[in-house]
Amino acid sequence: MADLLGSILSSMEKPPSLGDQESRRKAREQAARLKKLQEQDKQQKVEFRKRMEKEVSDFIQDSGQIKKKFQPMNKIERSILHDVVEVAGLTSFSFGEDDDCRYVMIFKKEFAPSDEELDSYRHGEEWDPQKAEEKRKLKELAQKQEEEAAKQGPAVVSPASDYKDKYSHLIGKGAAKDAAHMLQANKTYGCVPVANKRDTRSIEEAMNEIRAKKRLRQSGEELPTTS
């Protein structure tokens with residue numbers, strides 16, 4: 001019986017010590033603070049959404065406004081505003097490089113921004129329709145000039161001045177012309193004049209003369225000498 005009672009008591013959970021009670025109390029307090037913060041955050045989001053809905057509604061009713069720029073917001077606030085704008089049937093964009101400095105601009109559907117306008121906002125510049133129109137015209141003019149130049153083909157580059165005129169003080173105006181007259185080809189170049197040739201005889205005539213001289217020399221050798 002005693003053994004049975006001892007085993008039952010040993011299997012039962014021991015009462016918490018003083019340290020365990022303190023840890024549990026701190027955990028309950030932390031959970032309560034976290035729940036309170038969550039409720040506050042939720043309430044702030046609800047209030048922020050209501051405020052954005054009011055501002056968007058006022059913007060829609062104001063016929064003098066075609067766009068509206070909001071102050072920089074964090075990522076969650078921008079997300080809420082984008083959702084409100086979408087529900088209202090408007091258009092919205094976020095601009096700014098740093099997350100803390102990003103802001104939202106909303107536009108009425110009939111006044112949706114062009115690509116040039118959006119590009120201006122992305123570069124942190126104010127949109128000026130007049131300057132944009134001038135820029136567009138200049139771009140069209142440059143494009144037309146390029147097309148006309150392509151049709152005409154490559155441009156022929158001519159020197160600004162003639163080199164003879166440029167260096168006339170050194171070579172003279174008639175130097176090149178005189179040199180052209182002097183540099184005439186010699187038609188007899190490489191040909192030997194007939195008067196300069198040594199022998200105009202044919203080969204047969206030359207051989208006959210050589211043979212005659214040989215016979216004459218031989219006949220002279222055969223003659224007896226006189227005392």
Side-chain angles (χ1 to χ4, degrees), residues 2-140 143:
D3 294 337
L4 180 59
L5 181 60
S7 61
I8 294 173
L9 291 175
S10 61
S11 62
M12 293 177 62
E13 184 178 356
K14 296 181 180 180
S17 61
L18 183 61
D20 293 337
Q21 290 179 355
E22 183 67 18
S23 298
R24 292 180 180 180
R25 183 184 65 80
K26 290 182 179 180
R28 288 194 298 269
E29 291 178 354
Q30 184 176 3
R33 287 196 300 269
L34 180 60
K35 185 177 180 180
K36 185 178 181 180
L37 290 174
Q38 290 175 345
E39 291 177 352
Q40 290 177 352
D41 183 65
K42 184 178 180 180
Q43 184 63 28
Q44 288 177 356
K45 290 178 180 178
V46 171
E47 293 176 356
F48 178 79
R49 185 180 185 91
K50 289 181 178 179
R51 188 167 70 252
M52 293 298 101
E53 289 176 347
K54 176 68 168 55
E55 292 190 24
V56 171
S57 177
D58 294 341
F59 169 72
I60 295 174
Q61 295 176 9
D62 188 352
S63 59
Q65 279 189 309
I66 62 175
K67 61 185 177 182
K68 180 178 176 63
K69 179 180 178 180
F70 289 83
Q71 294 296 322
M73 304 175 183
N74 58 45
K75 186 175 182 179
I76 296 176
E77 292 173 342
R78 293 197 305 271
S79 177
I80 294 173
L81 179 54
H82 284 305
D83 185 61
V84 172
V85 171
E86 184 178 1
V87 172
L90 305 178
T91 304
S92 62
F93 297 91
S94 293
F95 302 103
E97 297 181 358
D98 298 332
D99 188 67
D100 295 337
C101 299
R102 286 183 70 82
Y103 61 91
V104 176
M105 288 189 69
I106 63 176
F107 303 83
K108 293 180 179 178
K109 284 287 187 181
E110 59 271 26
F111 300 103
S114 62
D115 293 338
E116 291 81 4
E117 184 175 357
L118 291 175
D119 188 62
S120 178
Y121 294 139
R122 291 190 183 100
H123 288 82
E125 301 172 355
E126 292 294 332
W127 172 248
D128 189 338
Q130 185 176 358
K131 290 183 179 180
E133 182 64 18
E134 293 176 356
K135 186 177 180 181
R136 184 187 63 80
K137 290 181 179 179
L138 290 175
K139 186 176 180 181
E140 290 180 354
Q143 186 175 0

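Quick note: residue numbers are just sequence positions, from 1. Note that this is a predicted model, so its numbers are computed, not measured.
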Would you say [atom1] of [X] has more than 12 non-hydrogen atoms from neighbouring residues, nucleotides or ligands within 6.0 angstrom?
X     : atom1 : answer
Glu86 : CD    : no
Gln71 : CD    : no
Glu97 : CD    : no
Gln30 : CD    : no

Give a yes or no on whether a salt bridge exists between [X] and [Y], defined as a side-chain N under 4.0 angstrom from a carboxylate O.
X     : Y     : answer
Arg78 : Asp83 : no
Lys45 : Asp41 : yes
Lys50 : Glu47 : no

Compute whether any side-chain donor of one residue and acceptor of the other, for Tyr121 and Glu117, lie under 3.5 angstrom apart.
yes

With salt bridge (charged side-chain N to carboxylate O under 4.0 Å, His left out) as the criterion, how do Lys137 and Glu140 come out once you've worked through the C-alpha distance, each side chain's angles and the decisive distance to 0.1 Å?
CA-CA 5 Å; Lys137 290 181 179 179; Glu140 290 180 354; over 6 Å; no

Can you tell me if Thr91 uses its side chain to pair, donor with acceptor, with the backbone of Ala112 under 3.5 Å?
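No.
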
N/O donor-acceptor pair under 3.5 Å between Asn74 side chain and Glu77 backbone
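At least one qualifying donor-acceptor pair exists.
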
Quick one: is the NZ or CZ of Lys68 closer than 6.0 Å to the six-membered ring centre of Phe70, and within 45° of its axis?
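Yes, Lys68 sits over the ring of Phe70.
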
When you measure from the centre of the six-membered ring of Tyr103, is the NZ or CZ of Lys69 closer than 6.0 Å and no more than 45° off the axis?
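The answer is yes, since Lys69 meets both limits relative to Tyr103.
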
Residues Val85 and Ser92: closest non-hydrogen pair is CG1-CB, 3.8 Å

Between Ala88 and Ile60 the two heavy atoms that sit nearest each other are CB-CD1, 3.9 Å

Do Glu39 and Gln43 come within less than 4.5 Å of each other through their side chains, counting heavy atoms only?
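No. Closest side-chain heavy atoms not under 4.5 Å.
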
The criterion is ring-ring contact (aromatic ring centres under 6.0 Å, His included); which residues satisfy it with Phe59, sequence neighbours excluded?
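None.
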
